[in-house]
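Worksheet: the structure to be examined is printed underneath.
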Amino acid sequence: MSTPTPEPPERGDFIREIVAADVREGRVGEVVTRFPPEPNGYLHIGHAKSICLNFGVAREFGGRCHLRFDDTNPIKEEQEYIDAIEADVRWLGFDWGEHLYFASDYFEQLYEWAVHLIEAGKAYVDDLSADEIRAHRGTFTEPGRESPWRDRPVEENLDLFARMRAGEFPDGARVLRARIDMAAPNINLRDPVLYRILHAEHPRTGDAWCVYPTYDFAHGQSDAIEGITHSLCTLEFEDHRPLYDWLIENLPVPSRPRQYEFARLNLTHTVVSKRVLMRLVDRGLVHGWDDPRMPTMSALRRRGFPAEGIRDFARLVGVAKADNTVEVEMLEHCVRTVLNRTAPRRFGVLDPLRVVLTDYPEGKVEEMDVPNNPEDPQAGTRKVPFSRELWIERADFMEEPVCKFFRLAPGREVRLRSAYFITCREVVKDREGRIVELRCTHDPATRGGDAPDGRRPKATLHWLSAAHAVPAEVRLYGHLFADPYPGADGGDIFASVDPESEKVLSGALVEPSLAELPVGETVQFERLGYFCPDPDSVPGAPVFNRTLTLKDTWAKLQQRSRQAQGA
RNA sequence: UGGGGCGUAGCCAAGUGGUAAGGCACCGGGUUUUGGUCCCGGCAUCCGGAGGUUCGAAUCCUCCCGCCCCAGCCA
C-alpha cells in the first residue's frame, strides 16, 4: 500500500491557511492530524471528504495522519466495522503507517484524568437519573439547575467513581460530570457527562471496563495524547469547542491540540447519514451496505468508482463552512474523467438484435483488431472475432428513423467499429410484428472500418459475433433516489427509493475477452458506459455492474423531444 | 427563544478595500472509426437586503432578512 502519487497542490482552503500560518509562525512543528471514525457503521462518501482532508493536509505539510477509532460506546461498535473502515481508508489510497490507535487504548489514562478533575473539584459523581439530568439542564432560554449532588466532598466523589469502575452500580445509576456552569448559555458547558456506566462487552477491551468516557471527554484528550496539532471535525461540533478547550486547559495533558470545524458533504439523489443508510439496509430496500446504489465506500468500490476519482472529487468540492449539497453530477464527472483515461474499451450488447450478413461466407471467422483505448495508443489493440451472424444493440436500429437518428435503418449504411460498413437490406419480424433479425450486406473494401473512397457513415456501432458472444448478467444502476433532495419535502424517505434505480438484464452479451475479467477492473463498453465485474460473477457466467453511462447526447435529444411532445 | 455558525451563478467555490478565479451543470460551434473524449465560445454590471464610511466596497461599519446546528448517560 502506498500513498497516492502527489497530486497538484491543494487549493488553500481556510483549514490549510490556518495550518500554513501555524507552521510559518512556529506554533507547530510537525503537522499531525487524525481521521477519527466511530466503528459503528460503514464509511461513506462524506467520510471520504474528511479522510482526504486529514490525510491530504498531513501529506502536504510533511506531517502525519493517524487513524484513530473513537470506540467509546461499546453498545454500537463492532470489530466488523473496524476491519471494513481500515480496508476502505486503504482502498481510498491512504496509509497511516504505524499510527493506528483506539480511544480505548487510553481508557486507563482517561480514567486517571477524570480522577484528577475530581481532586481539583472540577468533576463530581451525580446520582440523578438520565431524565432528571435532562430536566435539570434547562432550556435554550432558561438556565439549568444544579444537581443536589454537585457539591459532594472530593473523597466521596473519589470513592463513588472508583466503585462505578468496580462495577458496583447498574447501568445509568450514576455518572461523572464536569463541574462547569449550569447557567452557561452554551448547553454543552452545563456540567456535561464525562463517564457513564455501561455493562457492555467492548470489541477491544472486552469486559475490562464498565464505565466508558463520553465523546467529549475522550476525543480532545486522545488528540492531546497523540500530539494531534489540528483536530478537524464537522460543524456540529463547533458548540463543543469551548468544552474541548476547557478539558485541555484543566488537565495535565501532554500537548495542546486545536479543533477546527468544516462543513460536511451532502450529495444530491442520495443520503449521507449512517442512521438512514443503516435503515435502508435493515429494511431490505437495498441489498446491503455495499449495494452499488449506496454512497458507502464499499458500494462505490463495488460499483467501479476508482479511488482516484473520489479523491479528485474531494479536492474539487473544497473545504469551507457553508452548508452545501453538491450535485452528484460532479462526482460522476470525476469518475468519468479517470475512467475515460484508464478503462480498456470492450464490446458489450445489452439488448441484442440479430444481424445476418447475407453476403458474408458461412463458417468464416475473422479476427478484427480493435483499439483498447483511443485515449491511450500505448494500450494497444485486441482481437475480436467477426462472422456472418452478429448481434448489435436493438436501440441502434429504427425501422422508421426519426429526424437526427443517425444509426442503422432500412437501406442505410453504418460502420461496425473496426470491422466493416454494413447496409440494412431487410427487416425480419415475428408474427407479433416484433423485429427479430436484420438482413444486411457488407462492403469487403471497408475492412477495419475505413472506406477507400472516403465515405463516412454518420454512425459507428459496436457489435458481437453471435457464435462467440458470452452471455452475461448486467446490472444497471441509477440514483438511489429520483428526488435530488430525498426527504426534504418531509415525506417518508424510505418510500422514495427509486424502484428503477436497479435494473437487472439477463440477456446481455459481451465479447470473449470479458469472460473472466477480474473484479476490480472497470472497462468501458463502447458507446454505452463503464462496467465492472461484480463479485457475484462465477466462471463462465460473468455479472457486470454499470458504473456510469457515458454522456449521451442522443439520449438527451430524445428526452428533449419527448418532453416537447408531452408538454 | 439563549448560544454557535453560515449567506458570491442552477450546484460547489475563489476572493482578505482597487473594480467578480475556477470547476460541475447548461447552451451553441469544431474535430472524431464511441452521438464518448478533445477543442473553441456563451453563461453574476453583480456578491442575502437596506443604509453608511471611502476617490474606490463582495471585502470596513450599522441595522435588517434568511438558512443550519445545540436541550443523548450518541458521535
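Throughout, a chain's letter reflects where its sequence line sits, starting with A, and its residues are numbered from 1.
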Lys/Arg-Asp/Glu bridge criterion (N-O < 4.0 Å) met for A:R134, A:D131: yes
A:W113 ring center near A:F217 ring center (under 6.0 Å): no
Integer angstrom distance from the C1' of B:U8 to that of B:U59: 11 Å
Note: A:R241-A:E261 ion pair, threshold 4.0 Å (strictly below): yes
Contact state string [nucleotides 3-9 of chain B, B base, S sugar-phosphate only, - no protein heavy atom under 4.0 Å]: BSSS---
Touch class at under 4.0 angstrom, heavy-atom based, for A:N40 against every strand present: nothing
Test of ring centre spacing under 6.0 Å for A:W554 and A:F406: no
Anti versus syn assignment for B:G72, with syn defined as within 90° of 0: syn
Check: A:E226/A:H66 side-chain N/O donor and acceptor closer than 3.5 Å: yes
Within residues 129-136 of chain A, residues whose heavy atoms come under 4.0 Å of RNA chain B: A:S129, A:A130, A:I133, A:R134
Sugar-phosphate, base or nothing in reach of A:F405, heavy atoms under 4.0 Å: base
Aro-ring/base stack A:F140-B:G2, d under 5.5 Å, angle under 30°: yes
Touch class at under 4.0 angstrom, heavy-atom based, for A:E375 against every strand present: base
Watson-Crick/G-U partner (both atom distances under 3.5 Å) of B:U59: none
Donor-acceptor pair under 3.5 Å, A:E327 side chain vs B:G10 base: yes
Under-4.0 Å side-chain N/O to phosphate OP1/OP2 contact, A:R137 with B:C70: no
Length of the line joining A:E526:CD and B:U37:C1', which is rounded to integer Å: 12 Å
Sugar-phosphate, base or nothing in reach of A:T553, heavy atoms under 4.0 Å: sugar-phosphate
Salt bridge flag under 4.0 Å for residues A:R145 and A:E132: no
Sugar-phosphate only, base, or nothing, as touched by A:E142 at under 4.0 Å among non-hydrogen atoms: nothing
Sugar-phosphate, base or nothing in reach of A:H240, heavy atoms under 4.0 Å: base
Touch class at under 4.0 angstrom, heavy-atom based, for A:Y195 against every strand present: nothing
Pairwise C1' distance for B:G41 and B:U34, with rounding to whole Å: 25 Å
Check: A:E38/A:N40 side-chain N/O donor and acceptor closer than 3.5 Å: yes
A:E526/A:R346 salt bridge by N-O under 4.0 Å criterion: no
Pair up each side-chain donor or acceptor in residues 165-178 of chain A with any protein partner under 3.5 Å, not counting sequence neighbours, and list the distances.
residue: A:R165; atom: NH1; partner: A:E108; partner atom: OE2; Å: 3.1
residue: A:R165; atom: NH2; partner: A:E108; partner atom: OE1; Å: 2.8
residue: A:E168; atom: OE1; partner: A:R163; partner atom: NE; Å: 2.7
residue: A:E168; atom: OE1; partner: A:R163; partner atom: NH2; Å: 3.3
residue: A:D171; atom: OD1; partner: A:H199; partner atom: N; Å: 2.8
residue: A:R174; atom: NH1; partner: A:D127; partner atom: OD1; Å: 2.9
residue: A:R174; atom: NH1; partner: A:D127; partner atom: OD2; Å: 2.8
residue: A:R177; atom: NE; partner: A:D126; partner atom: OD2; Å: 3.1
residue: A:R177; atom: NH1; partner: A:D191; partner atom: O; Å: 2.8
residue: A:R177; atom: NH2; partner: A:D126; partner atom: OD2; Å: 3.1

Sugar-phosphate, base or nothing in reach of A:P457, heavy atoms under 4.0 Å: nothing
Single hit among A:T446, A:D443, A:T460 for side chain to side chain donor-acceptor pair (under 3.5 Å) with A:R415: A:T460
Ion pair A:R455/A:E413, N-O distance below 4.0 Å: yes
Test: A:E238 and A:K321 ion pair at under 4.0 Å: yes
Note: A:E393-A:R407 ion pair, threshold 4.0 Å (strictly below): no
P atoms of B:C61 and B:C24, separation to the nearest Å: 36 Å
Residues in side-chain hydrogen bond (donor to acceptor under 3.5 Å, both in side chains) contact with A:E201, at least two apart in sequence or another chain: none
Reading 5' to 3' through nucleotides 27-32 of chain B, protein heavy-atom contacts under 4.0 Å coded B for base, S for sugar-phosphate only, - for none: SS---S
Partner nucleotide, any strand, of B:C73 [Watson-Crick/G-U, under 3.5 Å]: none
Nearest-Å distance for atom pair CD/P, residues A:E393 and B:G35: 12 Å
Atom-to-atom span, NZ of A:K49 to P of B:C12 - whole angstrom: 11 Å
Residue-level proximity of residues 329-350 of chain A to RNA chain B when a heavy atom falls under 4.0 Å: A:E329, A:M330, A:H333, A:N340, A:R345
Sugar-phosphate only, base, or nothing, as touched by A:V175 at under 4.0 Å among non-hydrogen atoms: base
Aromatic ring proximity, centroids under 6.0 angstrom, A:H240 and A:Y244: no
